[in-house]
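I have placed the structure first, in the form of structure tokens, so that the comments after it can refer back to it.
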Amino acid sequence: MSFSNDAFILQGMTYHQRTFGCQMNKHDSERVAGMLEALGMLPVATVEEADLVVFMTCCVREAADVRLMGQVASLKSVPTVNNRRIIAVGGCIGQRDGEKLVQQIPHIDVVFGTQNIAQLPQLIEQSLLDGQPRVQIVEDPQRTSEWQTETATLPAHREQSWHAWVSIISGCNNFCSYCVVPYV
């Protein structure tokens, strides 16, 4: 796994992660945690202690949208440890809404799509260095196999050592009239 030369910026910082949605979001959260810890970041139990808060989201369930908006909006009033807290939103809502999230909630620093998990450290570093929000969304269905290979090589921090998620499919392309999945 390769990270940018600025990865040392993240070393010793703390992170807190919240996951809303399906098993794939939980699987991606384990990858994010493994990647951040490989860079020397430390997990913490509360938002108040965190230098970085990562939300992994699902857009299939409307309740996840509502929870995300409420929780991210409430972070604006939560005191920070080092006068700066990075807020990152990933997963399906990040993929679906992209730049719109930063426009709706300006204190979001990083938005990354379902196929951009491996780029999260660089996005965080760039936002830390210049204070500007970063949005990276890949909308290329042809990139799916490349993304699956890239994601499979990321370290994972599993909730239980005896339990692992195994991806057998990434979404669906049947375009049923009632379903949002193929559009995300």
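Criterion: ILVMFWY side-chain heavy atoms under 4.5 Å apart, direct or through other members. Under it, L128 and V44 are not part of a common hydrophobic cluster. A single hydrophobic cluster is seen to contain both V78 and I105, as judged by linkage of ILVMFWY side chains at heavy-atom distances under 4.5 Å, directly or through other members.
Applying the salt bridge (charged side-chain N to carboxylate O under 4.0 Å, His left out) rule to pairs touching residues 102-111 yields R84-D109, sequence neighbours excluded. Within the structure, the salt bridge (charged side-chain N to carboxylate O under 4.0 Å, His left out) test picks out the following pairs touching residues 129-138 (sequence neighbours left out): D130-R134.
Looking at T14, its side chain does come within 3.5 Å of a backbone N or O of D51 through a donor-acceptor pair. For Q95 (side chain) and T114 (main-chain N/O), a donor-acceptor pair under 3.5 Å exists by modelled atom type. With hydrogens and angles disregarded, no donor-acceptor distance shorter than 3.5 Å links the side chain of S127 to the backbone of I124. A donor-acceptor pair under 3.5 Å is absent between the side-chain atoms of E49 and the main chain of P43, judged by distance alone. The backbone N or O of S29 lies less than 3.5 Å from a partner atom in the side chain of Q17, making a donor-acceptor pair.
A pairwise comparison of heavy atoms in M35 and I117 identifies CE-O, 3.0 Å as the closest pair. T57 and G94 get closest at one heavy-atom pair: OG1-N, 3.8 Å. The minimum heavy-atom distance between Y15 and A50, with the atom names listed, is C-CB, 4.1 Å.
Taken to the nearest 0.5 Å, the CG atom of L36 stands 13.5 Å off from the CZ atom of R31. The CG atom of L10 sits 8.0 Å away from atom CG of L52, with the distance rounded to the nearest 0.5 Å. Atom CD1 of I87 sits about 4.0 Å away from atom NE2 of H107, to the nearest 0.5 Å. Atom-to-atom distance recorded for Q11:CD and M41:CE is 11.0 Å, nearest 0.5 angstrom. In this structure, CD on E125 lies 9.5 Å from CG on L120, to the nearest 0.5 angstrom. To the nearest 0.5 Å, the span separating CG on D28 from SG on C92 amounts to 8.0 Å.
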Exercise. List the steps, then state whether side-chain contact (heavy atoms from CB on, under 4.5 Å) holds for V111 with K100.
Key: CA-CA 10 Å; V111 177; K100 187 172 116 181; over 6 Å; no
Self-check item: Derivation of the side-chain contact (heavy atoms from CB on, under 4.5 Å) call for Q126 and V110
Solution: CA-CA 9 Å; Q126 290 168 353; V110 174; over 6 Å; no
Quiz prompt | V54 vs F112, side-chain contact (heavy atoms from CB on, under 4.5 Å): CA-CA, chis, key distance, verdict | solution = CA-CA 10 Å; V54 180; F112 60 103; 4.3 Å; yes
Quiz item: Can V53 and Q71 be said to form a side-chain contact (heavy atoms from CB on, under 4.5 Å), step by step?
Solution: CA-CA 11 Å; V53 179; Q71 289 193 24; over 6 Å; no
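Not counting sequence neighbours, R85 has no partner by the side chain to side chain donor-acceptor pair (under 3.5 Å) test.
Under the 4.5 Å side-chain criterion, counting only non-hydrogen atoms from C-beta, H16 is not in contact with T46. In this structure the side chain of I108 never reaches within 4.5 angstrom of the side chain of F55, judged on heavy atoms. Taking 4.5 Å as the limit, every side-chain heavy atom of I137 sits out of range of all side-chain heavy atoms of E99. Using a 4.5 Å heavy-atom threshold, the side chains of M69 and Q104 count as touching.
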